[in-house]
Amino acid sequence: QLQFVESGGGLVQPGGSLRLSCAASGFTLDYYAIGWFRQAPGKEREGVSCISDSGGNTNYADSVKGRFTISRDNAKNTVYLQMNSLQREDTAVYYCAAHETCWAQGTAVHGTSYYDDLAYWGKGTPVTVST
């Protein structure tokens, strides 16, 4: 089955760190931009960060800028999201998906044609930031 497998989530205290992994299963992610998304209970899924196919371009939601870092290792067919200074508001299930390009910085993704074209959604990995 062609999909991403997300891992690395868990329970962490405010101010802590986690590194999420997004491994491609059944396909190579070399030619795709990869985005991380999250969905908190009762909220729409939102774009968190994206990295271009070459890794040369990245974008971040304003709420995570300066705290999260996206990276990719095409040799390992994996994309990562390093999350530092975690806040309670970061609690959500985190997913990754593929597209030809990253969405434009500062724009909403959910409900757009861009969102509809995202592919290879995984089952997500839950992140809980709590004491």
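For reference, positions follow the sequence shown, starting with 1.
Side-chain contact between S52 and T101 is absent, with no heavy atoms from C-beta onward closer than 4.5 Å. L18 places a side-chain heavy atom less than 4.5 Å from the side chain of L86.
Ring pair W121/F37: centre-to-centre distance below 6.0 Å. Taking the six-membered ring for Trp and the full ring otherwise, the centers of Y114 and H99 sit less than 6.0 Å from each other. Aromatic rings of Y32 and F4 (six-membered ring for Trp) have centroids beyond the 6.0 Å cut-off, not under it.
When the salt bridge (charged side-chain N to carboxylate O under 4.0 Å, His left out) test is applied to E44, no partner is found at least two apart in sequence or on another chain. Shown here are the salt bridge (charged side-chain N to carboxylate O under 4.0 Å, His left out) partners of K65, two or more places apart in sequence or in another chain: D62. Remark: Y95 pairs with no residue by the ring pair (Phe, Tyr, Trp, His ring centres under 6.0 Å) rule, at least two apart or across chains.
With rounding to the nearest 0.5 Å, the separation of CZ in R67 from OG in S17 is 10.0 Å. Rounding to the nearest 0.5 Å gives a distance of 8.0 Å between CG of N59 and CD1 of I70. Residue Y120 holds its OH atom at 9.5 Å from CD1 of I34, rounded to the nearest 0.5 Å. Going from atom CZ of R88 over to atom OG1 of T91 covers 8.5 Å, rounded to the nearest 0.5 Å. To the nearest 0.5 Å, atoms OG1 (T112) and CG (D117) are separated by 8.5 Å. Considering CD of E46 and CZ of R38, their distance stands at 4.5 Å, rounded to 0.5 Å.
Within a 6.0 Å sphere centred on CD of E100, other residues, nucleotides and ligands contribute 12 heavy atoms or fewer. In N57, the CG atom is not crowded: 12 or fewer heavy atoms of neighbouring residues, nucleotides or ligands sit closer than 6.0 Å.
Under the 4.5 Å side-chain heavy-atom criterion for grouping Ile, Leu, Val, Met, Phe, Trp and Tyr, V5 is not connected to I51 through any hydrophobic cluster. When hydrophobic clusters are built by joining Ile, Leu, Val, Met, Phe, Trp and Tyr residues whose side-chain heavy atoms come closer than 4.5 Å, directly or via intermediates, Y80 is not grouped with M83. Linking ILVMFWY residues whenever their side-chain heavy atoms come closer than 4.5 Å, directly or via other members, places V64 and V129 in the same cluster.
Between the Q105 side chain and the Y60 main chain, a donor and an acceptor come within less than 3.5 Å of each other. Side chain of N77 to main chain of F27: a donor-acceptor pair is present (N/O by atom type, distance under 3.5 Å, no hydrogens or angles). Looking at E6, its side chain does come within 3.5 Å of a backbone N or O of C96 through a donor-acceptor pair. Although no hydrogens or angles enter the test, the distance criterion places no donor-acceptor pair under 3.5 Å between the side chain of T78 and the main chain of A23. Looking only at distances, a side-chain donor or acceptor of R72 sits under 3.5 Å from a matching main-chain atom of L29.
N74 approaches D53 most closely through the heavy-atom pair ND2-O, 3.7 Å. Closest non-hydrogen pair, G8 versus T125, comes out as N-OG1, 3.9 Å. The two atoms that bring S21 and W36 nearest to each other are O-CH2, 3.5 Å, heavy atoms only. Contact between V79 and S71 at its shortest, heavy atoms only, is CG1-O, 3.2 Å. Of all heavy-atom pairs between P14 and T131, the closest is CD-CG2, 3.8 Å. Summarising the geometry of W103 relative to G35, their closest heavy-atom pair is CZ3-CA, 4.1 Å, with the distance given to 0.1 Å.
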Could you go through the side chain to side chain contact (heavy atoms under 4.5 Å, CB included) check for V127 and V93 one step at a time?
CA-CA 6 Å; V127 172; V93 178; over 6 Å; no
